[in-house]
Amino acid sequence: MIKFVLMVNRQGQTRLSRYYEPVELSRRAALESELVRVCLSRSKDQVCLPDFRLVYRQYAALFIVVGISDSENELSVYELVHNFVEVLDKYFSRVVSDTIMFNLDKVHIILDEMIQNGHVVETNKSRILAPLTALDKMADG
Amino acid sequence: MSDVVEKTLTALPSLLSLDSQPGSGKLSSTSKLGNLIRGITELTSKHEEEKLIQRELSSIKEQVASPNTSMRQMKELMVRAIYCEMLGYEASFSYIHAIKLAQQGTVLEKRVGYLAVSLFLNESHELLLLLVNTVLKDLQSTNLIEVCMALTVVSQMFPKDMIPAILPLVEEKLTHPKEIIRRKAVLALYKFYLIAPNQVQHIHNKFRKALCDKDPGVMTASLHIYLQMIKENPEGYKDLTASFVTILKQVVGGKLPMDFNYHSVPAPWLQIQLLRILSLLGKDDQSTSEMMYEVLDESLRRAEMNHNITYAILYECVKSIYTIHPKAELLEKAAKCIGNFVLSPKINLKYLGLKALTYVVQQDANLALQHQLTIIECLDHSDLVIKRETLELLFRITNAQNVTVIVEKMLEFLRLSKDDYTTIDLVGKVAELAEKYAPDNEWFIETMNTVFSLGGDMMQPDIPNSFLRLLSEGFDSTEEDRQLRLFAVDSYVSLLQGEPGRLPQRFLQVISWVLGEYSHLREGLEPATTLRLLAKLLDMKHTSSETKSWVLLAMSKLCEGPDCVSLAQELSERHGGSLDTVLRQRVQELRHLSEDAELRASVLPRDAAQEPLEVDSSLSFLDGFVSEALSAGAAPYKPPHQRQEELAQAKALSLEPYGLSLPISMSSCSLADRQSPTLLSMSSGLSGNSTDLSHKGGSTTLKLDGVKRVWGKDGYLAQKEPVEESAQVEVPSPLCSPSRQGGADSTHSQTPTPTPTPEPEKEKQQLASSLFVGLGSQSSVCLMGKSEQTPQRFRRKAKGQGSSSGASEQISNSHYSTQSTVDNLLCNNLLDSTVTSDLAVSTPEQTPQLSQEVATTNGTCDAEQDLIEETDPGNSPSLIRANSTVTADPPAHKDPDRPKDSCLSSHLPAELAGLSHSEIIPLCSSQNLDLSACHVQKEDALLLVIFIENSSDSDIEQMLLQTESDELEVSCVTDSPVEAVRSLSVSVYQYSLMVKRPAAHVALAGTASYQLPSGESQVMQFSYRLPLTSFIRPLCVSTEEYGTLWLAFSQDTKQNLALLNDGQDPLTATLDVLKNKLQLHVVDIIGAEGIVACRLLQGQPCLMHCRVHAGSLAVWLRSPVPDLPDCLLYHCQRALQEH
């Protein structure tokens, strides 16, 4: 099960966070900075902490960090992250760090299509984007 | 001028990236959101961030409240608020506006509104109720996009109680022509299943339809529900195995549309999901497993591509193969696959391989043997995660023969580790292995010394505790005990002579206790020498006052002779003025005891560590003193929470402790089960008065339960035993030359070892031989004798893992458990004597009308309705009928002939007829049988009565009812179970229920199997749920007894309850409601406070202390059963709400 998805930059600033298990707001900042510390101190892609494991991928200066439960398949989550980035790339044509900041709402909408309640619910790129492109068309038209 | 340049520059990145995007370009970086983002990117310190966000928050607050804000602006405001919350600053004022935006916005604005709601609110937030209407409206919208949004938010969060309001609409969407709507509807139902499974019981056949949907997306969505349901009850879905296999076959065969591919692998995540389902279904079930061998084989074969995602599939496949009923050919392939992973230079793959291996070695330790050299390499891998995973693997394969090498490796890692979590985890593992497999005393003590020094003060407190218990309780042979203690004493004396300043506090405490108890064993060691060593500890700067009191206590045990008297006097002068009262008391004790040898011998008898010690935790011996003091005008004692509350009121300062810097979820759950029942609690006292007591308890906890406990925790070895038969002698041969081993074990011929062995390689092999000794089943019989010697020499393990440790574990579970078993017996006996065997009374008025429903049904019912009080024991069925038709409205699959309910109650056994029973609810029915049930509350028991009604004209044979439950202990009180149910008759089964694990609602599941006259056998499933309140009985105690009990428990659960205001005295009124509805016993009401007591049926008490405070009722609960207070609170709240 996926417990959270985070996007953080090298400075440890959170760019996006989505929790699938309740974590109090006041605790999130501490957790996130701890995670960044752990990720930065390693060059590899997987880390484990006692209660959950971390899978992360780095895209330029941006880390995408996913916390998962022990029973989850790390490598499949690792590729899920890449699929997510490919979807973002497809939608935004070329996704850079700023794109995510300026389109936080849309990135969230895309993520909501892919992961719900900590489970992967859709991985088909065109289907993930369908609701969002429909929204865009409505807004334009 | 410069202004313009700056604007252009800042606009640049967004222009570059937003340029060709659909629906973008609307966001200029000069907007408020743009400013915020720019502000955030330019931040350099936490302080700046705080300033920026606070400014932002107040600006948002101002704007959202303005009536002129348009929906478009509101959308931007919400995104800004999301930013603030993301950085950890609460923006709760905006929550209500997010809901408004979802309600009033259009298209993207509405979506952002929903998004903000799902990000801001948690599932139990009360504002969520305001969203229900919006969702309802959107679900009915003609605009598909709005329907989509509503379904999305519903599948993320929805108030449980409001599900019935939208359920029909969601169900209707299951047949919608658009796949996306159907898919989202299924996901919404999945959410409902997660939060309220009962609500969607009736649509199980619609789930099946979704599984067969022509669109693969809808089918995929339904798998989430199935995975969940199969996890809970694999037996119920075996018939679907063939369907899952077919689906997987099609997916693997590339029958899905191309756009489901990921890097040309067909729907990998779907494959993984299906493999998980299959392994659940095939577990311990040969015939089901046989159905899936072929497709698993194909999956293995197809996943050849060199890509991470295929490895992910392979990993899942391998796990399935090792989970289901084994097939040699597949196991071989899977083993090869794991081999490839482990050997891969890629770290991710190696990691996955080790993880798979760790999973697999529990079934087949041989596989670890094959890869021993690789595992050795992984131990020295530069990557810490790989190392840790390897140690985890080694931990699983540890046995008495390789324990020294493996523990050495772990300690090596520990010395380098800087990570607290790793340290805590590993220290626990080492301690566990050392206890379980220690080859000799010396090694054991030395290993534990390292554990204590490395683990420091972070480690779980039960490690030193169980170590000390081990020493004090001893084993079979007194001589062995003496040797071990002696060795510990020697080792500690030399440690103290070295540099004790470096040792962690916990270790010093262990040392002082051991020296105090056992240093007399060492001949030639003068007590004075030990005393001086201990006294040195008192002078060290870093010694905590807790450690000091341990040291002083140890000294009190040792002080003998004139030297000691003077030392004691000197100490009492030095520490007598300490601010720490405990310390001061210890010093005084030391001084007095040193002067009076006789007194000391009686207070601290030598070698009495294992004697049971009575502790009067209520301090009743002080009663006289207290009443004297009270009559002399002293203020009465107030419990700490009350003092705190009053202090808080007086000073209006929050005395709540600061939150942990890390979330609880991060703290290691895996270690929780290590807590031992006699856990030392050294720092937390029961109350201000009893800190002293708890300290004393700290040093004497070891004596609290006079239970002989032997080495370690049981369980592991038993399972490992057959493997351990292999022998030490064989070590060099199979392992030093893997090629030979490969020959012996023909399937594993691909162990990659170069034949000419270079020097370092040899070293590794040697290490391997010591690590993997004792594994593998190829060891021959002739070596048995040798291997058996090992456990025998180190006596305790052999029996430690066996009977005695298990037994001691049981007994040591404090007196509550024993009490409960006594109750249990009593209760059963009582029932046995009163309850006659089944009644099979025929019912003439029963109309054999059959419902034409499906033969096998999964019925469930909720027996939470109020009990029907039967006033007259001999009442006629018609009376009850009137009664029941009013209250009862049984769920969907009812029969046309309703009066059954009342007819059934006439079948209640005579001795139960006069008691109040719950409404009789249908459980499940088939063409021939109807099962119904109710529960009957007795003073001393709770009975579940199941009625089996045969409505056909033929007899039913071989009737068998089986029940199971996580929360309940179900025992059949009927003497001889009925085997045949005659035509048109009713059989009655009675079960006595007891709570094993309290929960707000407890449930049991069951199956009824029977044989039709045609010889065909049938199975029906049912479940029954009832509230915990049925098991609550008043606990009649006096105020004094209550006080004694209250002090005996330590954990407080606190909550505020609503206070009823209808009567003239709100407290009495509220307590009366609780008393009537929940059967609580109100012990006493004094002024604004009340004390209430109740117990579970087994006799476990729960105490409640209420106090009227600021318009609500503050309640503290204490109970020896951890979950009980929470469950009780839940029912209290409900009872008060309903009132």
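We name chains A, B, ... by the order of the sequence lines, and we start the count at 1 in each one.
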Check: What residue, out of A/L132, A/D112, A/V95, has the most heavy-atom pairs lying under 4.5 Å from chain B?
Finding: A/D112
Item checked: Part of B/I272 within contact of chain A (heavy atom distance under 4.5 Å) -> side chain
Next item on the list: Please flag which part of A/Q11 lies under 4.5 Å from any non-hydrogen atom of chain B: side chain, backbone, both or neither.
Entry: neither
Note to self: Does any backbone or side-chain atom of B/V112 lie under 4.5 Å from a heavy atom of chain A? Answer side chain, backbone, both or neither.
What the structure shows: side chain
Next item on the list: Please list all pairs passing the ring-ring contact (aromatic ring centres under 6.0 Å, His included) test where one or both residues lie in residues 12-31 of chain A, with sequence neighbours left out.
Entry: A/F4-A/Y19
Item checked: Backbone N/O of B/I145 and side chain of B/N143: donor-acceptor pair under 3.5 Å -> yes
Next item on the list: Give, as side chain, backbone, both or neither, the part of A/E24 having an atom under 4.5 angstrom from any heavy atom of chain B.
Entry: neither
Check: At a heavy-atom separation under 4.5 Å, does B/S118 approach chain A through its side chain, its backbone, both, or neither?
Finding: both
Checklist line | Closest non-hydrogen atom pair, B/Y190 against B/H224 | finding: CE1-O, 3.4 Å
Check: Can you say whether B/S155 sits under 4.5 Å from chain A via the side chain, the backbone, both, or neither, judging by heavy atoms?
Finding: both
Notebook entry, point to check: B/Y311 versus chain A, heavy atoms under 4.5 Å apart: side chain, backbone, both or neither?
Noted result: both
Note to self: Check for me whether A/R57 meets the cation-pi criterion with A/F63, that is, NZ or CZ under 6.0 Å from the six-membered ring centre and within 45 degrees of the ring axis.
What the structure shows: no
Next item on the list: Select one option (side chain, backbone, both, neither) describing which atoms of B/L187 are under 4.5 Å from chain A's heavy atoms.
Entry: side chain
Margin query: Applying side-chain contact (heavy atoms from CB on, under 4.5 Å) to A/I64 and A/Y56, what does each step give before you reach the verdict?
Written below: CA-CA 5 Å; A/I64 301 183; A/Y56 71 91; over 6 Å; no
Note to self: Quick check against the 3.5 Å criterion: does B/W269 have a side-chain atom that pairs as donor or acceptor with the backbone of A/T123?
What the structure shows: no
Check: Checking heavy atoms, do the side chain of B/I40, its backbone, both or neither come under 4.5 Å from chain A?
Finding: both
Next item on the list: Below 4.5 Å from any heavy atom of chain A, which atoms of B/E179 appear? Answer side chain, backbone, both or neither.
Entry: side chain
Notebook entry, point to check: Sub-3.5 Å donor-acceptor pair from the side chain of A/N9 to the main-chain atoms of A/A61, do we have one?
Noted result: no
Next item on the list: Working to the nearest 0.5 Å, report the span between CD of A/E74 and CD1 of A/I68.
Entry: 4.5 Å
Notebook entry, point to check: Among all residues two or more places apart in sequence or in another chain, which pass the salt bridge (Lys or Arg N to Asp or Glu O under 4.0 Å) test with B/E123?
Noted result: B/K191
Checklist line | Atom group of A/S71 that falls short of 4.5 Å from chain B, counting heavy atoms | finding: backbone
Note to self: Counting only non-hydrogen atoms closer than 4.5 Å, does A/T14 touch chain B with its backbone (N, CA, C, O), its side chain (CB onward), both, or neither?
What the structure shows: both
Notebook entry, point to check: Of the backbone (N, CA, C, O) and the side chain (C-beta and beyond), which part of B/M157 lies under 4.5 Å from a heavy atom of chain A, both, or neither?
Noted result: neither
Margin query: Please find the pair of heavy atoms, one from B/G105 and one from B/K110, that lie closest to each other, and give the distance.
Written below: O-CB, 3.8 Å
Item checked: Interface moiety of B/L144 toward chain A, non-hydrogen atoms closer than 4.5 Å -> neither
Next item on the list: With a 4.5 angstrom heavy-atom cut-off, could you sort out which part of A/N83 is near chain B: side chain, backbone, both or neither?
Entry: both
